[in-house]
2 protein chains.
Amino acid sequence: MSDTPARLLALLSLLQTPREWPGSELAERLGVTTRTIRRDIGRLRDLGYPVEATMGAVGGYRLVAGTAMPPLLLDDEEAVAIAVGLRTAARHPVAGIEEASVRALAKLEQVLPSRLRRRVGTLNTATVPMVPAGGPSVDPQDLAVLAAAVANRERLRFAYQAADGAGSRRLVEPYRLVVAERRWYLVAYDDDRDDWRIFRVDRIRQPHPTGMRNAPRELPGEDAAAYVTSTLYSLAPTYSAVATLHMPAAEAITRLGEASGVVEPIDERTCRLRDHTDTLEWLAFRLAMLGCEFEVHGPPELVEYLAALGARVTRAASPVARAAQAADGIACDTPGPDS
Amino acid sequence: MSDTPARLLALLSLLQTPREWPGSELAERLGVTTRTIRRDIGRLRDLGYPVEATMGAVGGYRLVAGTAMPPLLLDDEEAVAIAVGLRTAARHPVAGIEEASVRALAKLEQVLPSRLRRRVGTLNTATVPMVPAGGPSVDPQDLAVLAAAVANRERLRFAYQAADGAGSRRLVEPYRLVVAERRWYLVAYDDDRDDWRIFRVDRIRQPHPTGMRNAPRELPGEDAAAYVTSTLYSLAPTYSAVATLHMPAAEAITRLGEASGVVEPIDERTCRLRDHTDTLEWLAFRLAMLGCEFEVHGPPELVEYLAALGARVTRAASPVARAAQAADGIACDTPGPDS
DNA sequence: ACGTCCAGGACAGGATCTGACCTACATCGG
DNA sequence: CCGATGTAGGTCAGATCCTGTCCTGGACGT
């Protein structure tokens with residue numbers, strides 16, 4: 001009970017609550033004298049955690065922003081909230097911090113009590129997927145496993161379903177997780193095939209670490225990201241889309257996000273968007289969500305998709321089309337296979 | 001040199017890395033004997049942190065899931081990733097954990113070093129907003145301030161713009177943050193008006209805590225959530241939407257998320273959706289994103305909105321609309337048709 | 001002016017921590 | 001099957017550190 005390190009941790013936890021704590025209250029709560037509390041505060045300050053104290057009658061201690069991150073002490077609900085947030089972030093990677101995001105998720109999932117894990121799972125499925133069509137989506141849990149294996153330099157075994165549908169079992173030395181074109185890829189050295197391979201994470205099933213450590217291995221020659229993008233561009237069919245938006249360029253940029261595509265102004269009220277994508281649905285919905293008039297110049301696949309979408313939405317709103325459908329008994333196809 | 005508490009924290013930080021640490025390596029890194037490491041491990045276990053050890057030649061220590069959350073020790077990038085994730089979560093509240101999510105954000109923002117805060121800000125604006133139309137959106141930073149004030153029971157001052165556009169300055173005792181209909185509301189006691197009020201967070205400007213604490217105050221009679229929803233339903237105009245989806249009910253539920261609306265099966269391939277919403281755009285896009293045929297039976301406003309959307313999308317894909325531009329080619333420097 | 005709060009020095013006694021050395025047990029690889 | 005390497009844990013002596021109890025001083029609000 002009266003263990004000094006334990007008390008320091010508890011103190012850190014109390015100070016993280018966004019309120020001020022008078023020394024006397026802290027002393028009472030931790031079962032020590034106020035003098036000891038002052039000493040503990042001093043110790044925390046020596047450790048680099050900036051504890052701010054406001055003098056005076058209504059004063060107290062509180063932990064403020066410093067130069068280093070203090071250990072975050074979360075209660076159950078906060079931990080769940082963070083886990084859910086990170087999982088959705090893993091589904092919608094944000095440029096520049098994808099890897100850190102997954103790393104944080106791996107760190108959290110490693111120590112997340114099982115009862116909380118269950119809650120995260122149910123909440124996660126309850127969340128609106130927010131991906132437009134029924135595209136393949138990665139399991140954040142799998143992603144965390146992969147990230148842990150990368151960090152641990154641990155050999156990994158998993159089942160992989162190639163693009164042509166053929167399944168295979170792999171034993172690889174994971175090297176890096178990268179995001180390109182809104183998709184997760186695992187760069188790894190395939191021990192069976194004795195060469196570097198890039199795996200789409202959404203096609204990886206049941207990954208589990210083998211416990212075998214492998215010596216760090218370097219990609220031949222080039223940089224990892226360059227290697228991946230060069231391979232991907234030759235591998236995945238991407239479309240180059242061009243559209244005219246009837247919206248000021250500045251507004252389009254803020255609405256679309258900076259990371260996506262190139263927006264160049266035409267005049268004050270219109271601009272041109274050039275974007276590369278391999279998921280037409282995603283781009284189509286982003287455009288439709290803008291709320292302004294726009295014209296799509298290409299590729300033909302995107303035009304076609306938009307035409308179908310427009311027709312479907314119009315049918316949904318039109319009683320005439322509804323009557324025709326009712327007569328024909330048109331059934332809806334299952335959402336198409338992945339692009 | 002480095003005293004015991006600091007070493008324990010460092011040890012906890014190392015063990016959170018998803019890899020195994022042999023005791024000898026930990027000893028070397030922390031500058032103590034392996035015996036001391038073993039003792040520290042024992043101390044951590046006494047504190048409730050489950051440190052797992054694998055015996056044998058390739059053994060080592062690692063922190064595993066236990067019954068309580070250990071303090072999370074994050075590096076800079078991970079902290080940024082979590083902050084970004086929470087901010088987007090604040091924009092898209094997930095049922096049941098909205099409050100915890102904001103609380104975690106407040107806790108993190110309180111101790112986030114300023115350089116990291118800047119990175120979070122820029123990344124956040126770069127993120128795709130993902131809200132369909134140009135609806136008002138809350139500033140996560142403000143939300144964190146409000147959450148801190150609620151937790152701290154601290155009086156709050158802010159400028160408020162009422163629904164009729166009239167601006168006012170308020171001094172309130174914050175009581176609770178709630179989400180209803182995908183919007184954030186602050187329930188507070190208005191000190192100037194001497195009564196309970198509900199404020200829409202997106203209409204609050206420049207909130208800042210006054211430092212004055214207020215005694216905890218209880219809502220009269222009813223429960224907070226009940227009070228809010230009863231007030232809101234009499235306040236905000238909500239639409240009751242009914243639609244038929246050509247999609248199995250089970251799939252519709254997983255695609256739409258459980259929290260939204262009531263889905264009841266009609267037969268194996270179709271189902272009926274009943275939903276309440278005050279933002280037609282949101283519902284319209286959720287329906288369009290489903291990818292299946294659907295018909296909207298009401299309200300008329302939704303039908304109208306969908307018709308306009310369908311027409312716009314069709315225009316975007318229609319060669320007729322493009323004909324004027326196509327005549328001149330689609331070069332960027334071509335001035336668009338005059339407004 | 002007064003009360004309340006933080007800041008920090010000095011000191012003595014006692015609790016606690018460390019390192020060294022020991023044995024026992026689990027696991028892997030030859 | 002044996003040895004190497006890892007964890008698990010006991011014991012002991014000495015040094016270290018920590019705590020509670022004094023104390024003075026400064027800051028702030030009433």
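Proteins come first, then strands; the chains are lettered A, B, ... in the order of their sequence lines, and each starts at number 1. The shown structure was predicted, so the numbers you read here are calculated from the model rather than taken from an experiment.
- Applying the 4.0 Å criterion to OP1 and OP2 of D:dT19, one finds that A:Arg43 has a side-chain N or O inside that range.
- Of the side-chain N and O atoms in A:Arg38, none sit less than 4.0 angstrom from OP1 or OP2 of C:dC5.
- When the C1' atom of C:dT18 is taken as reference, atom CG of B:Leu8 falls 13 Å away, rounded to whole Å.
- Distance check, rounded to the nearest 0.5 Å: CD of A:Gln206 to CZ of A:Arg169 gives 7.0 Å.
- Here the P atom of nucleotide C:dG8 and the CG atom of A:Leu44 are 14 Å apart, to the nearest Å.
- Between A:Arg39 and A:Pro5, the residue whose closest nucleotide on DNA chain C is further toward the 5' end is A:Arg39.
- Distance, A:Leu26 CG to C:dT4 C1': 16 Å, rounded to whole Å.
- Without hydrogens or angle criteria, A:Gln110 side chain to B:Leu63 main chain gives a donor-acceptor distance under 3.5 Å.
- Looking at B:Tyr49, its side chain never comes within 3.5 Å of a backbone N or O of B:Ile41 through a donor-acceptor pair.
- Test A:Tyr185, A:Trp184, A:Phe158 against A:Phe199 for ring-ring contact (aromatic ring centres under 6.0 Å, His included) and you get one pass: A:Phe158.
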Test log, rule salt bridge (Lys or Arg N to Asp or Glu O under 4.0 Å), inputs A:Asp46 and A:Arg43: CA-CA 5 Å; A:Asp46 284 347; A:Arg43 252 191 294 251; over 6 Å; no
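- A salt bridge is absent between B:Asp76 and B:Arg119: the closest approach of a Lys/Arg side-chain nitrogen to an acidic carboxylate oxygen does not fall below 4.0 angstrom.
- A:Leu112 and B:Met69 get closest at one heavy-atom pair: CD1-SD, 3.8 Å.
- What separates CZ of B:Arg7 from C1' of C:dG19 is a distance of 12 Å, to the nearest Å.
- Regarding contacts with the backbone of D:dT7, every side-chain N or O of B:Thr34 stays at 4.0 angstrom or more from both OP1 and OP2.
- Annotation: the terminal axes of the helix from C:dA1-D:dT30 to C:dG30-D:dC1 meet at 60°, where each axis is the rotation carrying the C1' atoms of four end pairs onto the next four (5 pairs per end, rounded to 10°).
- Checking A:Arg35 against B:Arg45, the closest nucleotide of DNA chain D that is more toward the 5' end is the one next to B:Arg45.
- Rounded to whole Å, the distance from OH on A:Tyr61 to C1' on C:dG8 is 10 Å.
- Distance CD (A:Glu25) to P (C:dT4): 16 Å, rounded to an integer number of Å.
- Comparing atom distances between the A:Thr36 side chain and each of D:dG9, C:dA7, D:dG20 picks out D:dG20 as nearest.
- Taking the side chain of B:Thr33 as heavy atoms from C-beta on, and the options C:dA10, C:dG19, C:dT18, the nearest nucleotide is C:dG19.
- In this structure, B:Glu52 places its CD atom 13 Å from P of D:dT7, rounding to the nearest Å.
- In terms of phosphate contacts, A:Thr4 brings a side-chain nitrogen or oxygen within less than 4.0 Å of OP1 or OP2 of D:dT19.
- Summarising the geometry, the separation between CG on B:Leu30 and C1' on C:dC17 is reported as 15 Å, rounded to the nearest angstrom.
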